[in-house]
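Since the structure comes first, as structure tokens, the remarks are kept for the end.
Quantities reported herein were computed from a predicted structural model and do not represent experimental measurements.
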Amino acid sequence: MRQTQFAVIAVLVMALGAGACGKKKPPVARPMPPPSASGTTTTAPPPAPPTPVPDTTPIPPEPRITDDPLVSGDLDIINKISPFQPVFFPLDSFEVDGTAQQALSTNAALLKKYPSWVITIEGHCDERGTAEYNLALGEKRALAAKTYLVSLGIPADRLRTVSYGKEFPFDPGHDEGAWSKNRRAHFVVTSK
Amino acid sequence: MKRPLFALVAFACIGGLTVLAQQQPPAGSPPASAPQPPQQQTSVRTRLFDETNGTPPKIAIAPFIAVSSDAETTAAARTIADVLYDDLGYEREFYMIGKDAIATVPKLTSFDDVAMQPWKEIGADGLIVGSIGKAPSGVIVRLKLIQVRTGQMLLGKEYSGSIGNPRQYAHTAADEIHLQQVGLRGIARTKIAFATDRDGERKGARDLKEIYFMDYDGANARRVTTSTNSNIAPSWSPDGQSLTYSAWRATGQFGTFQDVIVSWIYKGLREYPAKGSPDKQSYLPAYSPDGTKIAFTLSVGGNQEIYVMNTDGSGMRRLTNHPDIDTSPTWSPSGTQIAWVSGRSGNPNVYVMNADGTGTRKLTNESWADRPTWSREPFNEIAFAARTGPGFDIKIYRFSDGQSTKITDGIGSNESPAFSANGRHIAFVSTRNGKEQIYTIDRDGTHLRQITREGRNTFPNWSQ
């Protein structure tokens, strides 16, 4: 269903673009912006100002149409964009430190902006712990992130938790650079 | 499409001899023609040890005679002799005479008429002679153990069944020879269950694991689960007929849960005695030694505790009660105690309690210890993984003096130990050659051998 809606919107946007070209006007409809690092949308650079042509009344550009893929996209698209910031943890720890709190505050704002979203917080661990105990440690990490989000006013029933231990490392490397990326709470939108 | 399970292997078991239908039969293949029960030709109590003053008797295995000369029978004859050589060498009770020396002896042409003199000359105390021939129902495998000095037959066996998995004849014979000659519970017919991503199945960027099992030596790997999520941490029922394991289950808006599943591997039946839910996760199950109960980790609202339930999920009971992590339960061989791992002291360490939750006691004092596994008498030891540097090593805890001995060497990370049924060997996971692979090692730290090579292989569990 959602994919169909998205396809319809995409076709409409493309049709708008084709029409504009036919009239030899400056292109107006822009392709969907690529996902930005911060996860927020619609911050494509403004169009270059038209070269001034003397003796001609400049035609004002048509209003830009932007599409928030976090609204129109299906869950696969949203999670590909991955709008939430990961929360990283120290070794053997599920403590939410200052950096983690900042990331969680950003995530809380996003959850307030999209109030229908239900998310799953995945707890992950690095390979320096054992496979079995890491299942529990990852759960504690996911839970710590959830608890902090709840303290920021996010309803607990929008926040699911699961642990993957060290089953799914984000960085397959075997150094601190990789391990620090793998000790994380990772956020996935599971319902919108 | 979504068959409940695998129907991978059809087994026929009669009289303790298990014969595989084929090595990799297609799903739904018919069972093997029922094998005849093994006939015990003789029962002799003579032991080779009686004449060697306790030193390992020297055993020679003559090349098995292929009674029919077709390629399949010839290959099976070679396989049985080779596997029997490995199986008997594995327990280190016998000195196995090398194949070079055996090659100097004229080839046997008769199972019944064997001259002892050439075997005396290469120093053999015992000689194993075997043959394999086609029969209407499959094959007949005969073998005997002869005392070379006297020419007396100490043990004779005749097996019949399928030719599909000749290794099974060797495993059966090895277990019977160990039992008769040494009084040892052999493990040649035991299986190791594990989790592997060898099929390359993925969900997004994630490699999914499925439950497999294999012979103790790594041969005959067979797949148990087919799911779109990862499956880990298998544990054998004592009768080897079912596995319990944990698996993730994605439900969309309700989240993703870990369930404890019981799978009757030869029936293709599966049950969920402990399903996860939005505030419950169930994982790391362990079958009790009598097969009636499962100990596992149940996390309610993110607090992990050790629980025990009947295998159908009834009678669930909490054994621990602590806000810190409690996980990785394992049973004592008698079923009266449970060892597990708790973070209550600040670091994960191995604890032990009575099976009713009383009598809690801390066993280890490591910076990180996990996955206890408990061997039966005469050893009664607990092996576990301990952090010994950047990685982990396998250690063995002795109740006699409360001390632990490291049995791996610090190469790579070594974790998830699982004792063999006779307590002499440990299967574990190591990254010493790169990706996680399963190895076996003897409890004294010798005889390391790698038994998986394809994909990543983790969470070994050794059948009884």
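Of the listed residues (A:Val189, A:Thr120, A:Val118, A:Asp92), the one with the most heavy-atom contacts under 4.5 Å to chain B is A:Asp92. Note: B:Pro348 leads B:Gly255, B:Pro348, B:Gly252 in heavy-atom pairs under 4.5 Å with chain A. Taking B:Ser413, B:Ser299, B:Gly391 one by one and counting their heavy-atom pairs under 4.5 Å with chain A, the maximum is reached by B:Ser299. Annotation: maximal heavy-atom pairing with chain A below 4.5 Å, among B:Val429, B:Ile325, B:Ile232, occurs at B:Ile325. Of all the listed residues (A:His174, A:Glu122, A:Glu127), the one sharing the greatest number of non-hydrogen pairs under 4.5 Å with chain B is A:Glu122. The residue among B:Gly276, B:Pro278, B:Ser416 with the most heavy atom pairs within less than 4.5 Å of chain A is B:Ser416.
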Q: Determine, step by step, whether A:Phe168 and B:Ser230 satisfy the side chain to side chain contact (heavy atoms under 4.5 Å, CB included) criterion, reporting the C-alpha distance in whole Å, the side-chain angles of both residues, the deciding distance to 0.1 Å, and the verdict.
A: CA-CA 10 Å; A:Phe168 301 134; B:Ser230 247; 3.9 Å; yes
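Counted by atom type alone, B:Gln304 and B:Thr327 present zero donor-acceptor pairs between their side chains at under 3.5 Å. In summary, the side chains of B:Asp199 and B:Tyr212 do present a donor paired with an acceptor at a separation below 3.5 Å, with no hydrogens or angles considered.
For a residue to count as touching a neighbouring chain, one of its non-hydrogen atoms must lie under 4.5 Å from one of that chain's; by this rule A:Thr130 touches chain B with backbone and side chain alike. Using a 4.5 Å cut-off between heavy atoms, B:Arg456 makes no contact with chain A at all. Using a 4.5 Å cut-off between heavy atoms, A:Tyr164 touches chain B through backbone and side chain atoms alike. When heavy atoms are compared at a cutoff of 4.5 Å, B:Gln258 approaches chain A solely by way of its side chain, counted from C-beta outward. For B:Ala385, the part lying near chain A is the side chain, with the backbone staying farther off; criterion is any non-hydrogen pair under 4.5 Å. Both the backbone and the side chain of B:Asn303 come within contact range of chain A, with heavy atoms under 4.5 Å apart. Interface residue B:Phe459: only side-chain heavy atoms are found under 4.5 Å from chain A. Interface residue A:Leu137: backbone and side-chain heavy atoms are both found under 4.5 Å from chain B. Interface residue B:Ser328: only side-chain heavy atoms are found under 4.5 Å from chain A.
For the residue pair B:Val260 and B:Tyr283, the shortest heavy atom distance occurs at CG2-N, 3.9 Å.
In this structure, A:Asp171 pairs ionically with A:Lys181, as a charged nitrogen and a carboxylate oxygen lie closer than 4.0 Å. Look at A:Asp74 and A:Lys192 and you find no salt bridge, because none of the NZ, NE, NH1 or NH2 atoms lies under 4.0 Å from a carboxylate O. Using a 4.0 Å cut-off between charged nitrogen and carboxylate oxygen, A:Glu139 and B:Lys280 do not count as a salt-bridge pair. The pair B:Asp409-B:Arg432 meets the salt-bridge criterion, with a side-chain N (NZ, NE, NH1 or NH2) lying under 4.0 Å from an Asp/Glu carboxylate O. By the 4.0 Å N-to-carboxylate-O rule, A:Arg183 lies close enough to A:Asp126 to be salt-bridged with it.
Between A:His186 and A:Phe170, the ring planes are tilted. Angles from 30° to 60° get that label.
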